[in-house]
Amino acid sequence: SEAKTAAIIGAINSVPFSRNRGKRPDTQEGRIVQDADRLDAIGAVGIARTFAFGGEHGRLMEDSIGHFYEKLLLLKNEMNTESARRIAEKRHQFMVSFLNEFSEEMGARCKEE
């Protein structure tokens, strides 16, 4: 139906972080889709995706590390649902641990604790 189509399009449009930072979708479905997309970007899989994307596009490792501070470390506070917040907290801490280890090996410290 037209109403269902509009709801699906609304949920899809709520996903991109760059256009929707700080915005909460109107529907529960939209909030769940947005959370799922953001959860997919963080944690171990998010780390792998970040470096795979950076390598594919010829970026330096330092540029990929910058992406953590520009976006990935912000996502934990952008979750809509309680279950997503719990998952995000664990994945966020994993990324912070990774960044601290990376920074230590490179001779610096992570800005986020």
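Of the possible donor and acceptor atoms, one in the side chain of Arg91 sits under 3.5 Å from a partner among the backbone N and O of Leu39. Judged purely by atom type and a 3.5 angstrom limit, His92 has no side-chain atom pairing as donor or acceptor with the backbone of Ala88.
The salt bridge (Lys or Arg N to Asp or Glu O under 4.0 Å) test applied to Glu29 returns no partner, not counting sequence neighbours. Take Asp40 and apply the salt bridge (Lys or Arg N to Asp or Glu O under 4.0 Å) test, not counting sequence neighbours, and it matches Arg49.
Taking 4.0 Å as the cut-off between side-chain N and carboxylate O, Glu82 and Arg85 count as a salt-bridged pair.
Applying the side chain to side chain donor-acceptor pair (under 3.5 Å) test to pairs two or more places apart or on separate chains, none has a residue in residues 2-12.
Atom CZ of Phe51 has more than 12 heavy atoms from other residues, nucleotides or ligands within 6.0 Å. For CG of Asp26, the number of neighbouring non-hydrogen atoms (other residues, nucleotides, ligands) closer than 6.0 Å is 12 at most.
Scanning both residues, Asp35 and Glu78, for their nearest heavy atoms gives OD1-O, 4.4 Å. Residues Ile42 and Leu72 share a closest heavy-atom pair of CG2-O, 3.6 Å. Taking all atoms of both residues into account, the shortest heavy-atom contact from Gly54 to Ser64 is CA-OG, 3.8 Å. Between Met79 and Leu75, the closest heavy-atom pair is CE-O, 3.5 Å.
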Just do the side-chain contact (heavy atoms from CB on, under 4.5 Å) check on Arg86 and Lys90 with the steps written out, would you? CA-CA 7 Å; Arg86 281 193 307 274; Lys90 181 178 182 235; over 6 Å; no
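The CZ atom of Phe102 lies 6.0 Å from the CD atom of Glu62; values are rounded to the nearest 0.5 Å. Taking CZ of Arg38 as the start and CD1 of Ile87 as the end, the distance is 15.0 Å to the nearest 0.5 Å.
For Gln28 and Arg31, the side-chain atoms include at least one donor-acceptor pair closer than 3.5 Å.
Under a hydrophobic clustering in which Ile, Leu, Val, Met, Phe, Trp and Tyr are joined whenever their side-chain heavy atoms come within less than 4.5 Å, directly or via other members, Met61 and Tyr69 fall into the same cluster. Following chains of ILVMFWY side-chain contacts shorter than 4.5 Å, one cannot reach Val45 starting from Phe68, and the two form parts of different hydrophobic clusters.
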